[in-house]
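In what follows, a structure is listed as structure tokens, so that the remarks can point back to it.
Below, chain A is the first sequence line, B the second, and so on; all start at residue 1.
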2 protein chains.
Amino acid sequence: MSKSRANIRDVAKQSGVSLTTVSLVLNNNDQRISEATRQRVLAAMRDLDYTPSRLARGLPNRRANTLAVLVPALQHAFADVYFGEIISGIYEEAASRGYRILLEVARREYVRRKEYLTLLEDCSVDGILFIGATEEHRWLSEFDSSDKPFIIVNNRFEQWDLHYVICDYPQAGRTAADYLVSRGHQRIGHICGPSSMVLTSQELTDGFVNRLSEHGVPMGDRMIVEGQYHSDTGKLAADELLKRDPDITAIFASNDKMALGACQALRASGRIPGEDIAVLGCDDIPTAALADPPLTTIRMNFFEVGSAATSHLLDMVEGRNGQAMVQQRVPVLLVERDSCTTLPS
Amino acid sequence: MSKSRANIRDVAKQSGVSLTTVSLVLNNNDQRISEATRQRVLAAMRDLDYTPSRLARGLPNRRANTLAVLVPALQHAFADVYFGEIISGIYEEAASRGYRILLEVARREYVRRKEYLTLLEDCSVDGILFIGATEEHRWLSEFDSSDKPFIIVNNRFEQWDLHYVICDYPQAGRTAADYLVSRGHQRIGHICGPSSMVLTSQELTDGFVNRLSEHGVPMGDRMIVEGQYHSDTGKLAADELLKRDPDITAIFASNDKMALGACQALRASGRIPGEDIAVLGCDDIPTAALADPPLTTIRMNFFEVGSAATSHLLDMVEGRNGQAMVQQRVPVLLVERDSCTTLPS
DNA sequence: TTCGATTAGTAAAACATTTTACCTGACCGA
DNA sequence: TCGGTCAGGTAAAATGTTTTACTAATCGAA
């Protein structure tokens, strides 16, 4: 037994064919090899316990078969609701197409030294996905209209021409408005997300408010209270809404955590969510289904966002894309449970 | 301007030296190059905008300069409290030693096909860190006493001989016991973590209970209630403890979320945490400091766990370790705030 | 002056693949 | 029999580094 790993040459020798033949068998995109030879080669591979070196494979065609996932250096970057889902989506699609994913944290130093560029230049990565981008990531302008394989996951920017895949937040807002209005609600409160942060929160609220006014249910700023995406801020926001108008019949929260917080506040105020007042959430986190009452919500398919972004990125990498700009919105889905069963009297 | 990236040969030509010289300058561990030459080479590199190819660099010595981080395929793998911290620690140490990190999700299929081994064999990775390992990961036996560069992060296993770095949970338990006893507490309740899961929860509780009994404060099972690590289960557990003994003067919870939940329950029962009853947490999550009252807790240094594990792993990879088994415990630290100011009357 | 050591550098092999261009023999129709 | 096509395969170049073993020049000491 040789001390080190078998290589393609060993396989060739063992099966009595040339290097090239083994390589062709390996990337079986080529029909030039007869079945008999192919089998001989495969047998030799099994015999020698051969695994092709990814490193060496990448060299000739300058491919790393790897994508980078860039996450911002947040305090609890990964504690975010959807990170897991998005990364799972990315991982799944990447793996199914034979790619690995490299994790990079976009810390200040990292960005200052433009290491994200090095990443592409030194061939350690074929493309980059950026999750958790916010307005403050000015260096994104570097990718403006460039043809580098780079894509924004679940956000978008109006000032730069970047590829992105994002949940259809405006549609989510409109769906919420349609649903509540169709059930007869006219006095509606809204808990919006942190306006300063990302566009998504703004899109959702705009979609909601605009559609409401199309339905003839105009909603002033008075019935919109801002939360910070946690359940406690949802609670506070609901209390505030009740103070401003004790007779509202429905609350739409920008995410499920805040919706669940609102439910608590409502209960504390003597109203039973779902019976006395409708509560509509957004995201469809796992606990939404388990809550009491089970939360009616708008499902955001973060997994799909991740996998779609990856799929597009790989199309760019493999040059199947033409020059088309990728700016895709992933559809949302109303999930009816029990927190909106009430009809206003 | 040449169409493709500059390579080491271009740099050599431009600066009028040999390939070797450029390479030596690149890995400036060698003093054989005169300052003048070095400067000429560096200038040429800048000129040509040269970045060495990581792929090619790895080939000759079969190094990928990359580590894999294996995370289990949990529903919300990344939503866990400490994932972010651990990964940041890993990332930081790896980056400072010139390594990248590859993210791999240990899904069922992945494990079944033993892809974690392929990872090492095809040279795409020099070592593996596994976060979130639990008893059910039987395939870990594969690494039992093997000399593969593999390390468990923040867990350990008695049945297999594996390298690991873990927070010092027993010490955390003892610290808690010492602290509470030193402040005169005799009637103490404990909210432990889910016993079935990982060893860590067990270690913490054992350390706590054993040290208490060394102090002459034996604690039967009666004053231990199990929680599931979320704040609501902490609330429920605290209620249960109060029911079992309304006169307890202190509660030690296995994590901060449950401690904060317990505070809520105590307040609801008319007791002010920190004044009427002491509450001690564990972990030191960011909200612990912001809570009312600020939570006294035992700080778990997850970042350090990640970076220490990585440091050891890299020592193995680079062969500086001898054959020594790595089984390190990272010290914990009592952080005094205001939730334990009360002294029992 | 010659011997060794030191300094500064180089040529060439090694790493493990892909890819391009070429070769050989068989077969077939004219 | 000649020319052409085709199937099945191969040799060799290319990818971009590191590393080992060697050389040429210089310098000090015997």
Protein N or O to nucleotides 11-13 of chain C N or O, pairs below 3.5 Å:
unit_1	atom_1	unit_2	atom_2	d
C/dA11	N7	B/Thr20	OG1	3.3
C/dA11	N6	B/Thr20	OG1	2.8
C/dA12	N6	B/Thr20	OG1	3.4

Look for any protein N or O under 3.5 Å of an N or O in nucleotides 24-28 of chain C and output each such pair with its distance, or none.
none

Using a cut-off of under 3.5 Å, enumerate the N/O to N/O pairs linking the protein to nucleotides 24-27 of chain D.
none

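Here B/Arg113 pairs with B/Glu109, B/Glu115 under the side chain to side chain contact (heavy atoms under 4.5 Å, CB included) rule; sequence neighbours left out. Remark: B/Glu136 pairs with no residue by the salt bridge (Lys or Arg N to Asp or Glu O under 4.0 Å) rule, at least two apart or across chains. For A/Asp161, there are no side chain to side chain donor-acceptor pair (under 3.5 Å) partners, not counting sequence neighbours. Contacts of A/Gln14 classified as side chain to side chain contact (heavy atoms under 4.5 Å, CB included), with partners at least two apart in sequence or in another chain: A/Ala44, A/Asp47, A/Leu48. In this structure, the side chain to side chain contact (heavy atoms under 4.5 Å, CB included) partners of A/Arg46, at least two apart in sequence or on a different chain, are A/Leu42, A/Ala43. For A/Val17, the side chain to side chain contact (heavy atoms under 4.5 Å, CB included) partners are A/Ser15, A/Thr21, A/Val22, A/Thr37, A/Arg40, A/Val41, not counting sequence neighbours.
What separates CZ of A/Arg63 from C1' of D/dT15 is a distance of 14 Å, to the nearest Å. Remark: P of D/dT19 and CG of B/Leu59 are 12 Å apart, rounded to the nearest angstrom. Between the CZ atom of B/Arg9 and the P atom of D/dT18 there is a distance of 12 Å, given to the nearest Å. Look at CG on B/Asn27: it is 17 Å from P on D/dG16, rounded to the nearest Å. The nearest whole Å value for the distance from the CG atom in A/Asp10 to the P atom in C/dA14 is 14 Å. Rounding to whole angstrom units, CG of residue A/Asn61 and P of D/dT15 are separated by 12 Å. Summarising the geometry, the separation between CZ on B/Arg54 and P on C/dC15 is reported as 22 Å, rounded to the nearest angstrom. When the C1' atom of D/dG16 is taken as reference, atom CZ of B/Arg5 falls 9 Å away, rounded to whole Å.
Comment: A/Asp315 engages A/Arg97 in a salt bridge, judged by a side-chain N to carboxylate O separation of less than 4.0 angstrom.
Residue B/Ser53 is classed as a sugar-phosphate contact, given heavy-atom separations below 4.0 Å to backbone atoms only.
Ring orientation note: the planes of B/Trp160 and B/Phe157 are tilted relative to one another, at an angle of 30° to 60°. Using cut-offs of 30° and 60° on the angle between ring planes, the pair A/His137 and A/Phe130 is perpendicular. A/Phe143 and A/Tyr116 have tilted rings, their planes meeting at an angle from 30° to 60° on a 0 to 90° scale.
Considering CZ of B/Arg57 and CG of A/Leu59, their distance stands at 13.0 Å, rounded to 0.5 Å. Here A/Ile90 contributes atom CD1 and B/Leu103 contributes atom CG; the two are 9.5 Å apart, rounded to the nearest 0.5 Å.
With B/Asp49 contributing its side chain and B/Met45 its backbone, the two residues share no donor-acceptor pair below 3.5 Å.
A heavy-atom distance below 4.0 Å to DNA chain D is reached by none of the residues of residues 117-127 of chain A. Of the residues in residues 44-51 of chain B, those placing a heavy atom less than 4.0 Å from an atom of DNA chain D are B/Tyr50, B/Thr51, in numerical order.
Rounded to 10 degrees, the angle between the two end axes of the helix from C/dT1-D/dA30 to C/dA30-D/dT1 is 60°, with five pairs used at each end.
In this structure, of C/dT17, D/dT10, C/dA14, it is D/dT10 that holds the atom nearest to the side chain of A/Val17.
Residue side chain B/Arg32 reaches the base of C/dG9 through a donor-acceptor N/O pair under 3.5 Å, judged by distance alone.
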